[in-house]
Amino acid sequence: MIEITMPRLSDTMEEGAIVIWHKQPGDRVEVGDLLVEIETDKATMEYEAYEAGILSEYLVPEGQLAKIGAPIALLDDGTPSEASAPAAPPEAAVEPALGEPTVPIPVPETGERMFASPLVRKLARENHLDLSHVRGTGPGGRIIRADTVDLLSSSADAAASATPALVEPAGSAAPAAPVLAAPSAHAPAPTDKRAPESVPLSSLRRVVARRLGESARSIPHFFVTAAADAENLMLLRAELNEQLVAAGRPKVSVNDLLIRASALALREHPLVNASYIDDASTEMLVHNRINVGVAVASANGLMVPVIDDADQKTVSQLGAETRHLVALANDKKLTPGQMSGGTFTISNLGMFGVEQFTAIINPPEGAILAVGGTAREAVVVGDDVVARYRMRYTLSADHRIIDGALAAKFLQTLTRLIENPWTIVA
């Protein structure tokens, strides 16, 4: 018997959720067969079988989580194991799933082994439930939460009827110590004025919360903001797109031009393209490749796919690659390789009408650029007040490796490129 365990499918993955099993208990599994789809912190990925045999049972049903390395299924390859040993006698403990302690659960007199989900085992332990007469409707006959609704209701009613009421001894003039009682079943429950609703967090949201929380707590952020005259940038983009459309090619966006400009600015200031190691180290990492992460507000949450060697690609190439990565992010089809190895990140909220904001650094990178919208403003040009496009952006930097002067010089270079956009596309 072979234990199939939860694989590590991304560098930040700690647990995965079973989305769908493509094989059922009793099915034949060959090497390379699609076995299961697993939702990680970054995407939903297909997992193929590495061993052949008969799928014996699920240990983790669809919709439930498992830690990396935890058993999720059993594959019978014909090798004897403890899992194929004779069934335990009555009153034996059911083996726990996902590292839970052994829970004694009564079994039928036939000695037939019973299987229950981790949640059901927890409920049985806490409510002293007898599951011997419960018919499981989960995969492989496993008892799931829905199968225990009536049993839990009966257990709650029995507990309520057995609880003594608050009484006062009769015929006693002196106050007596009260006897504890459960609240009346008809007493109004306290209400929460916020009217909250519990909504489960996705694996992606939990990891985003953990990583950004750690970043905000552990990295000494500081912020530097600059503004650029983007009139020439917008004129150049309009001219480029007119020619690209005439040639039957996709347009380029302001963000595509910014990715290219940021990559060129990083080439001039390589110490911004760096990572802090730890407090015990006497060195830092300065990266020779410029891999720009692009923050994407996908339908599945915040994701940051990475464009490798962004300084060596044209604006059109950057646009095509960005569109491809955004589509994969929305379909949860990004691979670990497409979301790792970043050295710098750009987060652009300009399309949402945001003028200016600050962003949290995506570790282990040393900086992130937060870009606001490009809008026409009244500006002074010589002795005249004219309407021109303006753009604001803020660099969040790790003060352990990037000081204020370096951050300011980086933004000076970026501003020069934006205001002279021909140098971006040249």
Side-chain angles (χ1 to χ4, degrees), residues 221-247 249-269 272 290 292 294-297 310-311 314-316 318-319 322-323 326 344-361 367-397 399 402-426:
H221 287 61
F222 78 98
F223 311 99
V224 183
T225 300
D229 183 329
E231 184 75 13
N232 290 334
L233 182 78
M234 300 304 289
L235 292 174
L236 176 63
R237 174 176 174 260
E239 184 179 344
L240 280 174
N241 284 338
E242 184 178 345
Q243 297 180 21
L244 288 171
V245 169
R249 295 169 58 186
K251 295 180 179 181
V252 297
S253 68
V254 172
N255 203 57
D256 301 333
L257 292 163
L258 283 172
I259 293 171
R260 170 73 175 167
S262 298
L264 294 177
L266 289 169
R267 186 190 290 175
E268 288 193 35
H269 304 280
V272 178
I290 297 174
V292 177
V294 181
V296 176
D311 60 318
T314 66
V315 175
S316 292
L318 292 172
T322 300
R323 287 189 294 272
V326 169
F344 184 84
T345 294
I346 295 176
S347 179
N348 189 345
L349 294 180
M351 65 286 294
F352 298 107
V354 173
E355 293 185 2
Q356 179 181 328
F357 70 104
T358 58
I360 297 176
I361 296 169
I368 181 172
L369 186 70
V371 181
T374 303
R376 305 209 85 184
E377 299 178 9
V379 297
V380 177
V381 179
D383 294 330
D384 300 321
V385 177
V386 297
R388 295 180 70 88
Y389 281 102
R390 298 278 289 176
M391 176 191 299
R392 292 175 178 80
Y393 32 84
T394 298
L395 184 74
S396 303
H399 219 328
I402 301 172
D403 58 28
L406 176 58
K409 290 176 182 177
F410 172 84
L411 289 186
Q412 276 185 334
T413 299
L414 182 62
T415 300
R416 170 172 51 81
L417 289 165
I418 292 172
E419 294 183 346
N420 298 277
W422 304 273
T423 57
I424 298 176
V425 298

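Starting from 1, each residue takes its place in the sequence as its number. Hydrogens, waters and symmetry mates play no part in the numbers below; they use all other heavy atoms, side chains included.
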- Any residue meeting side-chain hydrogen bond (donor to acceptor under 3.5 Å, both in side chains) with T345, in chain and number order, not counting sequence neighbours: E365
- Item | Heavy-atom closest pair, residues A359 and S396 | O-OG, 2.7 Å
- Query: Can you pull the salt bridge (charged side-chain N to carboxylate O under 4.0 Å, His left out) pairs that have at least one residue in residues 417-426, sequence neighbours excluded?
  - Reply: none
- Query: Does a side-chain heavy-atom distance below 4.5 Å link L266 with D311?
  - Reply: no
- For residues 404-426, the ring pair (Phe, Tyr, Trp, His ring centres under 6.0 Å) pairs (sequence neighbours left out) are F344-F410
- Message: One pair to check against salt bridge (Lys or Arg N to Asp or Glu O under 4.0 Å): E377 and R392. What are the steps and the verdict?
- Response: CA-CA 12 Å; E377 299 178 9; R392 292 175 178 80; 2.7 Å; yes
- Task: Would you indicate whether the side-chain heavy atoms of N232 and L236 approach each other to under 4.5 Å?
- Result: no
- Taking all non-hydrogen atoms of both residues, which atom of G372 and which atom of N348 are closest, and how far apart? O-OD1, 4.2 Å
- Query: How close do V380 and V385 get, heavy atom to heavy atom, and via which atoms?
  - Reply: CG2-CG2, 4.2 Å
- Item | Where I418 and A228 come nearest, the two heavy atoms and their spacing | CG2-CB, 3.9 Å
- Message: Just so I know, are the side chains of V371 and L258 near enough to count as touching, which here means a heavy-atom distance under 4.5 Å?
- Response: yes
- Message: Between I346 and Y393, is the side chain to side chain contact (heavy atoms under 4.5 Å, CB included) condition met? List the steps.
- Response: CA-CA 10 Å; I346 295 176; Y393 32 84; over 6 Å; no
- Going through the distances and angles, do R416 and E268 end up as a salt bridge (Lys or Arg N to Asp or Glu O under 4.0 Å)? CA-CA 12 Å; R416 170 172 51 81; E268 288 193 35; 3.0 Å; yes
- Note on the structure: d(H269 NE2, L414 CG) to nearest 0.5 Å is 9.5 Å
- Message: If the threshold is 4.0 Å, N to carboxylate O, is there a salt bridge linking E231 and R390?
- Response: no
- Can you list the residues that meet the side-chain hydrogen bond (donor to acceptor under 3.5 Å, both in side chains) rule with T358, with sequence neighbours excluded? none
- Task: Could you tell me whether R323 atom CZ has more than 12 heavy atoms of other residues or ligands within 6.0 Å of it?
- Result: yes
- Please lay out, stage by stage, how V425 and L240 fare under the test side chain to side chain contact (heavy atoms under 4.5 Å, CB included). CA-CA 10 Å; V425 298; L240 280 174; 4.1 Å; yes
- Do you know which two heavy atoms are closest between V252 and N241, and how far apart they sit? N-OD1, 2.7 Å
- May I have all residue pairs that pass side chain to side chain donor-acceptor pair (under 3.5 Å) and include part of residues 256-265, sequence neighbours excluded? S253-D256
- Check against side chain to side chain contact (heavy atoms under 4.5 Å, CB included), V254 and M391: CA-CA 11 Å; V254 172; M391 176 191 299; 3.9 Å; yes
- Query: Name the one of T374, N420, L257 that satisfies side chain to side chain contact (heavy atoms under 4.5 Å, CB included) with L233?
  - Reply: L257
- Note on the structure: All heavy atoms of T415 vs all of A226, minimum pair found to be OG1-CB, 4.1 Å
- Is L411 close to T225 at the side-chain level, that is, under 4.5 Å between some pair of heavy atoms? no
- Note on the structure: d(L417 CG, Q412 CD) to nearest 0.5 Å is 12.0 Å
- Message: Applying salt bridge (charged side-chain N to carboxylate O under 4.0 Å, His left out), can you list everything that pairs with D229, at least two apart in sequence or on another chain?
- Response: R388
- Could you grab the distance from atom CZ of F222 to atom OG1 of T394, nearest 0.5 Å is fine? 12.0 Å
- Item | Heavy-atom donor-acceptor pair, H221 side chain to A397 backbone, under 3.5 Å | no
